[in-house]
Amino acid sequence: MKNQSFAFQKHITVSFGLLVLVGVYLSSLYSYLLFHTLAEIFSIVVACGIFMIAWNSRKYIENSYLIFIAIAYLFIGWLDMLHTLSYKGMQIFKDYDYYANQLWIAARYLESITLFIAFSFFRGEKKVRPYLVFSVYTVISSVIILSVFHWKIFPVCFIEGEGLTQFKKISEYIISFILLLNILLLFRYQDKFEKTVFKFLVSSLIFTILSELAFTFYISNYGFSNLVGHYFKIFSFYLIYKAIIETGIVRPYDIIFRELVIKEKNLEKAKEAADVANRAKSEFLANMSHELRTPLNGILGYAQILRREDDLTESREAGLDVIERSGNHLLNLINEILDLSKIEARKMEIHESDFFFPEFLTGIAKIVQIRARQKGISFHAEFASDLPKAVRCDEKRLGQILLNLLSNAVKFTQKGGVVFLVTKLGTGDPQSESSESLSRIRFQTEDTGIGIPNDKLEAIFSPFKQVGEHARTIEGTGLGLAISRKFVHLMGGEDLYVKSVEGRGSTFWFDLTLTRVSAWTETKKSDVQHIIGYKGKKRKILVTDDRWENRVVLVNLLLPLGFEVTEAANGSEAIQKASSFEPDLIFMDLVMPVMDGFEATRQIRNSSALRHIKVIAVSASFTLSPEEIISGSGLDRFVSKPVKFEEIFEILENYLELEWVYKEAPEIPDQEQKQDDASAVPPASELEDLYQCVRGGDIMGIRKQLDIIEASDRRYISFVKKVREMAKTFQVRQIRELVEKYIGS
């Protein structure tokens, strides 16, 4: 129905056009002057219409070609108007120097050359300057008019009774040649135009050439050749009208907003290409993560197993420190790249949990204390006494931020030391146990390192960016600060701030509003290093992984504890082993040949005989988040590789309801126990040595001095225990006050 309506409308349009042409022809039979005036007025109106459409849309049209020729056509229209008025029969210009022919040839030169010059705007990023073009054409048109009417220097084009001059004929051929070049150039740049507009423009130029050729052999200004030439001109301007005016009014997006449409399409294509590239990058990073985490699982896993040996010598322990430090450094680099990728893809999420705040801060400080001691610089941590006991926050991300900042502080400090401060901002009753409240906490690191130039303070937060003369000599990816700042934003912080003096050190800080968990009961964590077994019946565990080195880590951890363990190399084998072995729990890898862990878990959950088995995913794949992996898969828990034994023991304890058996500490003889006097205080000389360590904020020195005091006399055990508890939470000020009290007494 729609096609029939369109065909009918097209039929009406063609019929109306033919009727107009017949009418124009009949007007020529009555008066050629009338015919000529109607033909020229039509072309003048079209020329002015082109100008109005383009000029009023110049802010939106990025096609400089169309804007340029539209301005030119206004002046061409003016010349055609003068050409019409100067016709002999109009009785306006009575010196009869045949101005009409001169103005005609001038207008056609201006038209053809304009179309040719306009193509220059398609080369490079050249943009049209409308007011400049308008001014230039005003000058050119004025010179032409003056050369015809005032100076009378424009070459004669027509002589009554003789016909066209050689100048006129040669000019028509030159104009036709230029127009032919314009057609060729149009084909070269046809992608710059909407298809319909392009076809109309080419057709218009062809009729313009025919018009010019028709004007090369008439003898009379009222002859048949002149009549034919004006018909071709009518056709030419009608096609220009169809190309620009009608299109600009009926379908403005084809010409006025064409660039916007093209840009939108290009943006869509670019978005699709970016999505494909992002998917490829995500797949690559996931594969890279899987391939790197697999050997790291073996390296770090065995380091944890070897640490559990009773006869571990000091040299072996130092070797294990190197292995773990190097492995964790590589693991941190992998995590940073993956985190940045997730942040860029807007897939990073914050996962809040409740945790014991002082223990968390102490754990961070202990890690940094070891690094500072190895480098030979001091480290001092001070936590405000009014900090909440437990908070709700993303413990993992907060830990990443703090370790990044503190590790950088240690890394870029050659002498002096690093200070870690955690204080509470604002108000709130920390003793309230009735409800949850918010606490605004400031985390701050200070160092006496190399500092950062003022002009580089913002650059340090750019990904992969390291600044200063040490940029190429300091290890790291340059991602730590960029990721830390994004994490601060994700966790609701305003920003990660920095102030620095080059050569003297830097201070970083950020504030977070944390939810204080009031009803918190501190649970005792399992002492992983001293677990030697469990109570109750023997439990069965199936370890499923396609890589032998991954299976052997878990097998060698679990067998000495009394578990019955068997192995499977893929999902299909796991189902078979589960049916015969009847395990209490399965550690299931997810990416495996033959059958992956997802399908194996699905079949286990669909089996009435196996569905009760706890299935724990152990995988190095990070394409999905742990929550997405567990959701709807039937898995009970997700553990990332490299595995941490603390997490493995916590899973076994909770899912198998185990009670651990710990290695017994050596008993203290009754005689030594009696020597333990709660009121006994070490002598002044030993207290003075302890005080010197306290004043320097040297936690490791304090611990060493406490070992010396304890070894010197068992009576001081109570004193040593008390100070050790303070040292665990870095309460240096309280230790100083205690020691000062005893020294003063």
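In this chain, numbering begins with 1 at the start of the sequence shown.
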Engineer: Under the side-chain hydrogen bond (donor to acceptor under 3.5 Å, both in side chains) test, which residues partner Lys535, sequence neighbours left out?
Structural biologist: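 Lys535 satisfies side-chain hydrogen bond (donor to acceptor under 3.5 Å, both in side chains) with Glu659 only.
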
Engineer: Is the number of heavy atoms from other residues, nucleotides or ligands within 6.0 Å of CZ (Arg440) greater than 12?
Structural biologist: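 It does: Arg440 CZ has more than 12 such atoms within range.
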
Engineer: Asn654: which residues meet the side chain to side chain contact (heavy atoms under 4.5 Å, CB included) condition with it, sequence neighbours left out?
Structural biologist: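 For Asn654 the side chain to side chain contact (heavy atoms under 4.5 Å, CB included) partners, ignoring immediate neighbours, are Glu650.
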
Engineer: Rounded to the nearest 0.5 Å, how far does OG1 of Thr601 lie from CD1 of Ile586?
Structural biologist: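 Rounded to the nearest 0.5 Å, the CD1-OG1 separation comes to 7.5 Å.
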
Engineer: Look up atom CZ in Phe638 and atom OG in Ser631, then write down how far apart they are to the nearest 0.5 Å.
Structural biologist: 14.0 Å

Engineer: Who passes salt bridge (Lys or Arg N to Asp or Glu O under 4.0 Å) against Arg551, sequence neighbours left out?
Structural biologist: Glu567

Engineer: Return the minimal non-hydrogen interatomic distance between Tyr716 and Pro683, and the atom names on each side.
Structural biologist: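 Minimum heavy-atom contact is OH-CD, 3.6 Å.
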
Engineer: Are the side chain of Thr448 and the backbone of Gly417 linked by a donor-acceptor contact shorter than 3.5 Å?
Structural biologist: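 The answer is yes, because a donor-acceptor pair under 3.5 Å joins these two groups.
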
Engineer: Looking only at heavy atoms, what is the nearest atom pair of Leu558 and Leu652, with distance?
Structural biologist: CD2-CD1, 3.6 Å

Engineer: Under the rule for side-chain hydrogen bond (donor to acceptor under 3.5 Å, both in side chains), what residues qualify as partners of Ser353, not counting sequence neighbours?
Structural biologist: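 Once residues adjacent in sequence are excluded, Ser353 has no partner under the side-chain hydrogen bond (donor to acceptor under 3.5 Å, both in side chains) criterion.
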
Engineer: State the OG-CD1 distance between Ser506 and Ile450, to the nearest 0.5 angstrom.
Structural biologist: 7.5 Å

Engineer: Between Thr423 and Ile441, is the side chain to side chain contact (heavy atoms under 4.5 Å, CB included) condition met? List the steps.
Structural biologist: CA-CA 6 Å; Thr423 56; Ile441 310 296; over 6 Å; no

Engineer: Could you point out which residue of Val391, Leu425, Leu398 forms a side-chain contact (heavy atoms from CB on, under 4.5 Å) with Leu512?
Structural biologist: Leu398

Engineer: What closest approach, in Å, do Ile532 and Leu561 show between heavy atoms, and which atom pair accounts for it?
Structural biologist: C-CD2, 3.6 Å

Engineer: Determine whether Tyr655 and Arg637 make a side-chain contact, defined as any pair of heavy atoms from C-beta on separated by less than 4.5 Å.
Structural biologist: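 Counting from C-beta outward, Tyr655 and Arg637 do come under 4.5 Å.
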
Engineer: Inspect the contact between Asp584 and Lys614 and indicate whether a charged nitrogen and a carboxylate oxygen are less than 4.0 angstrom apart.
Structural biologist: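 No, this pair does not count.
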
Engineer: With Asp447, which residues qualify under salt bridge (Lys or Arg N to Asp or Glu O under 4.0 Å), at least two apart?
Structural biologist: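 None.
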
Engineer: Closer than 3.5 angstrom, by distance alone: can the side chain of Ser407 be matched with the main-chain N or O of Asn404 as a donor-acceptor pair?
Structural biologist: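 No; judged by distance alone, with no hydrogens or angles, the pair does not exist.
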
Engineer: Using the salt bridge (Lys or Arg N to Asp or Glu O under 4.0 Å) criterion, which residues pair with Asp636? Sequence neighbours excluded.
Structural biologist: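 Arg605.
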
Engineer: For Glu688, check side chain to side chain contact (heavy atoms under 4.5 Å, CB included) against everything at least two apart and list the hits.
Structural biologist: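 In terms of side chain to side chain contact (heavy atoms under 4.5 Å, CB included), with neighbours along the sequence ignored, Glu688 is linked to Tyr691, Gln692, Ile743.
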
Engineer: For Cys393 and Leu514, which heavy atoms make the closest approach, and how far apart are they?
Structural biologist: SG-CD2, 3.7 Å

Engineer: To check you understand the geometry: which heavy-atom pair defines the closest contact between Arg539 and Glu657, and what is its length?
Structural biologist: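 Shortest heavy-atom separation between Arg539 and Glu657 comes out as NH2-O, 4.3 Å.
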
Engineer: If you look at every heavy atom in Leu406 and Thr445, which pair is closest and at what distance?
Structural biologist: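 In this case the closest contact between Leu406 and Thr445 is CD2-CG2, 3.5 Å.
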
Engineer: Compute the centroid of each ring, for Phe383 and then for Phe357, and state whether the two points are separated by less than 6.0 Å.
Structural biologist: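 Not close enough - the centres of the two rings lie 6.0 Å or further apart.
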
Engineer: Between the main-chain N or O of Lys396 and the side-chain N or O of Asp394, is there a donor-acceptor pair closer than 3.5 Å?
Structural biologist: yes

Engineer: Which residues satisfy the salt bridge (Lys or Arg N to Asp or Glu O under 4.0 Å) test with Arg373, sequence neighbours excluded?
Structural biologist: none

Engineer: To the closest 0.5 Å, what do you measure between CD1 (Ile401) and CG (Leu481)?
Structural biologist: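 That separation rounds to 11.0 Å.
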
Engineer: Hey, what do you get for CE (Met588) to OG1 (Thr544), rounding to the nearest 0.5 Å?
Structural biologist: 4.5 Å

Engineer: With sequence neighbours left out, what residues match Thr507 under side chain to side chain contact (heavy atoms under 4.5 Å, CB included)?
Structural biologist: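 Gln444, Glu446, Lys499, Trp509.
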
Engineer: Quick check: do Phe508 and Asn408 have side-chain heavy atoms less than 4.5 Å from each other?
Structural biologist: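 Not in contact.
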
Engineer: So, the side chain of Thr413 versus the backbone of Lys415: is there a donor-acceptor pair under 3.5 Å, distance only?
Structural biologist: no

Engineer: Check ring pair (Phe, Tyr, Trp, His ring centres under 6.0 Å) between Phe510 and all other residues, then give those that pass, not counting sequence neighbours.
Structural biologist: Phe443

Engineer: Does NZ in Lys375 sit with more than 12 non-hydrogen atoms of other residues, nucleotides or ligands closer than 6.0 Å?
Structural biologist: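 More than 12 heavy atoms, drawn from other residues, nucleotides or ligands, come within 6.0 Å of this atom.
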
Engineer: With sequence neighbours excluded, what pairs up with Asp511 under the side-chain hydrogen bond (donor to acceptor under 3.5 Å, both in side chains) test?
Structural biologist: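 Asp511 satisfies side-chain hydrogen bond (donor to acceptor under 3.5 Å, both in side chains) with Arg442 only.
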
Engineer: To the nearest 0.5 Å, tell me how far Leu542 CG sits from Leu585 CG.
Structural biologist: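 Here the interatomic distance stands at 9.0 Å.
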
Engineer: Under 3.5 Å, is there a donor-acceptor pair between the side chain of Gln304 and the main chain of Phe645?
Structural biologist: yes

Engineer: Considering residues at least two apart in sequence or located in another chain, which fulfil the side chain to side chain contact (heavy atoms under 4.5 Å, CB included) criterion with Lys538?
Structural biologist: Tyr534, Glu564

